[in-house]
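A note on names: the letters A, B, ... follow the listed sequences, proteins ahead of strands, and every chain is numbered from 1.
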Amino acid sequence: MSIDESTAAKVAKLARIKVEEEALPALAQEFNAVLGFIEQLNEVDVEGVEPMVSVTPMRLKRRVDVVTDGDQQDKILSNAPDAREGFFAVPKVVE
Amino acid sequence: MTDLTKLTLAEARDKLRAGDVTSVELTETFLKAIDEADALNAFVHKTPEIALERAKAADARIAQGDAPDMCGLPIGIKDLFCTKGVPSQAASAILEGFKPEYESTISQKLEDSGAVMLGKLNMDEFAMGSSNETSVYGNAINPWRRGNDDAALTPGGSSGGSASAVAADLCLAATGTDTGGSIRQPAAFTGITGIKPTYGRCSRWGVVAFASSLDQAGPMTKNVRDAAIMLEAMCGHDEKDSTSVDLPVPNFEAMLTGDIRGKKIGIPKEYRMDGMPAEIEKLWAEGTEMLKAAGAEIVDISLPHTKYALPAYYVIAPAEASSNLARYDGVRYGHRATLAAGDGITEMYEKTRAEGFGHEVQRRVMVGTYVLSAGFYDAYYNRARRVRTLIKQDFENVFAQGIDAILTPATPSAAFGLGEMTDADPIQMYLNDVFTVTVNLAGLPGISVPTGVDTQGLPLGLQLIGRPWEEGDLLNTAYALEQAAGFVAKPGKWW
């Protein structure tokens, strides 16, 4: 299947990456090159084969459901581009 | 006087123990070498104060006796590892200025063992690349050149800075990470040794995530013994990574006997690709002969789904990346775009990610978004995961036949020139990982060992693939191969 410019624009939107209008044809072309490569997978008979969930068969370790850390607001905010009054600041979300 | 930078980890360890040299002396020597090697662009954040402080502490610890093997040994850390208070950018503009408040488990374990961090190493952005050309820091350069030709060559990728630094003697060893070949391919391109352990051997906590079901850290070193020493210091269960396995970590170095008599080495026919350069074929045949001469039994094997490993990888890895990289939204850390009047939060996300991610990262995030999107999830993502099951079964079948290790080329060519692949379509670059990516999909340990040079004098490597959790046995086979190959070439110093 071939990806057109409107599909490329939709994917960019879903990925939350701004792509300028004039860059869409080239992007669609790149997608098609990669997807064309991936299409080979259709040659494989996967009937009855389970999709891999974990490469290493193992039961994940469990631990007691308790607080292990916390109380480090300053550290958490220290790398924020915009932090005010102990919170991350973002453009207005709700009118 | 011995050139301290030429030492291996093992030799430096022994000299420290014998009191022939101090960690401070070693560290100062490497800091000087690093400052003289800016042309290689391997070290992108230098940490001389931290290095000297740790070197002093290491000297004190060694003087008291009972210091671990890595104590006092200067190493480099790939920029993908979060290091407390030190820039950790994954070579991306989107993490510009990010200084973690925490230390990755691997770099913490190395620090606890007394290793001395000299600085952070260049890499492809978010480990996505095979040539170190997607880095926000610019290209890392391979210290090797084609004869007298001064064209700059790639050190490979994504752990290109690590490979360049170890090959150029800027550090005794370095950490790398490997999602599709990012330790083994650069190791092969620079004439050094690199091992990707079994998935789950090393904690991924604090390592910037690319594709979580494939990512593994490992050491990049001057030889197999050093890989054994450093790997042991990096392995072990970590309760902060639930996929890290709770198995005892053997003394890998003690397992290096060089005796591989009776071992069954598989030669997979599917790795004999159409158009394989004669030099690679010759290298592989010679490696096979070396193992045979050392007493191993050579067995022709088949891994029938090999051809589908790269396409499956280029569904699974971008899918996981699109999810992992969703966190870079301009809110909690790193870059945020300057917004225009009236821009809302969606524009903030979109502009931030367009400015912060480089081209290859954007492409992979979008491919991943596409294969996970409604209507395509089954056709692409689930199908790729089914193929992954088959690829793993291929390996399980040959191991069930009694195969101990599998010998393959590490890369389809020697190091290529920087910029040579710019006009090629992305698939050409992806083919660099054709021999290594199966190992990540199957979660197995794989090691790249330099065994020869091509007609232009560039190093070439072979890969050995082992059974899960049997890194010790794999290292021993690699050790036997290394002994037989006797690879000693070094790049001439031009930088």
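Using a 4.5 Å cut-off between heavy atoms, Tyr381(B) makes no contact with chain A at all. No part of Thr352(B) comes within reach of chain A, as not one of its non-hydrogen atoms sits under 4.5 angstrom from that chain. For Leu27(A), the part lying under 4.5 angstrom from a heavy atom of chain B is the side chain only. Contacts between Met348(B) and chain A at a heavy-atom distance below 4.5 Å involve the side chain alone, from C-beta outward. Looking at Glu50(A), only its backbone comes within 4.5 Å of chain B, counting heavy atoms on both sides. Proximity to chain B (any heavy atom under 4.5 Å) is restricted, for Ala89(A), to the backbone atoms N, CA, C and O. When heavy atoms are compared at a cutoff of 4.5 Å, Asp343(B) approaches chain A solely by way of its backbone atoms N, CA, C and O. For chain A, the nearby part of Leu339(B) is the side chain; its heavy atoms alone come within less than 4.5 Å. Only the side chain of Ile427(B) comes within contact range of chain A, with at least one heavy atom under 4.5 Å from a heavy atom of that chain.
For the pair Thr436(B) and Asp433(B), the minimum side-chain heavy-atom distance is below 4.5 Å. Considering only heavy atoms from C-beta on, Lys84(B) stays 4.5 Å or farther from Tyr102(B) through its side chain. Annotation: side chain of Leu390(B) is not in contact with side chain of Tyr308(B) (no heavy-atom distance under 4.5 Å). A 4.5 Å side-chain heavy-atom check between Tyr313(B) and Thr179(B) finds at least one atom pair inside the cut-off. Val367(B) has its side chain within reach of Phe31(A): a pair of non-hydrogen atoms, C-beta onward, lies under 4.5 Å apart.
When only modelled atom types and interatomic distance are considered, Arg204(B) and Thr243(B) share a side-chain donor-acceptor pair under 3.5 Å. With hydrogens and angles left out, the side-chain atoms of His359(B) and Glu30(A) include a donor and acceptor closer than 3.5 Å. Inspection of the Glu39(A) and Tyr380(B) side chains reveals an N or O donor paired with an N or O acceptor under 3.5 Å. Defined by atom type and a distance below 3.5 Å, a donor-acceptor pair is present between the side-chain atoms of Ser88(B) and Thr83(B).
Ranked by heavy-atom pairs shorter than 4.5 Å toward chain B, the options Leu14(A), Asn42(A), Leu41(A), Asp45(A) are led by Leu41(A). Put simply, of Lys92(A), Arg62(A), Glu43(A), the one with the most heavy-atom pairs under 4.5 Å next to chain B is Glu43(A). For chain B, the option among Ala80(A), Ser78(A), Pro51(A) with the highest count of heavy-atom pairs below 4.5 Å is Pro51(A). Interface summary for chain A: among Ala384(B), Pro318(B), Ala354(B), the most heavy-atom pairs under 4.5 angstrom belong to Ala354(B). Top candidate by heavy-atom pairs under 4.5 Å with chain B, chosen from Val93(A), Thr68(A), Val34(A), is Val34(A). The residue among Val19(A), Ile76(A), Asp82(A), Val11(A) with the most heavy atom pairs within less than 4.5 Å of chain B is Val11(A). Taking Arg388(B), His237(B), Gln362(B) one by one and counting their heavy-atom pairs under 4.5 Å with chain A, the maximum is reached by Arg388(B). For the set Glu350(B), Glu239(B), Lys392(B), Arg363(B), the entry with the most heavy-atom pairs within less than 4.5 Å of chain A is Glu350(B). Among the candidates Gly200(B), Ala312(B), Ser373(B), the residue making the largest number of heavy-atom pairs closer than 4.5 Å to chain A is Ala312(B).
Electrostatic pairing of Lys18(A) and Glu347(B) does not count as a salt bridge here, judged by no charged N lying under 4.0 Å from a carboxylate O. Using a 4.0 Å cut-off between charged nitrogen and carboxylate oxygen, Arg16(A) and Asp329(B) do not count as a salt-bridge pair.
Inspection of non-hydrogen atoms places Ser213(B) of residues 210-217 of chain B under 4.5 Å from chain A.
Taking each heavy atom of Pro91(A) and Arg336(B) in turn, the nearest pair found is CD-NH1, 4.4 Å.
Aromatic ring pairs are classed by plane angle as parallel below 30°, tilted from 30° to 60° and perpendicular above 60°; the pair Phe98(B) and Tyr333(B) is tilted.
For Gln29(A), the CD atom is loosely surrounded, since the number of other residues' heavy atoms within 6.0 Å does not exceed 12.
Contacts of Ser322(B) classified as side chain to side chain donor-acceptor pair (under 3.5 Å), with partners at least two apart in sequence or in another chain: none.
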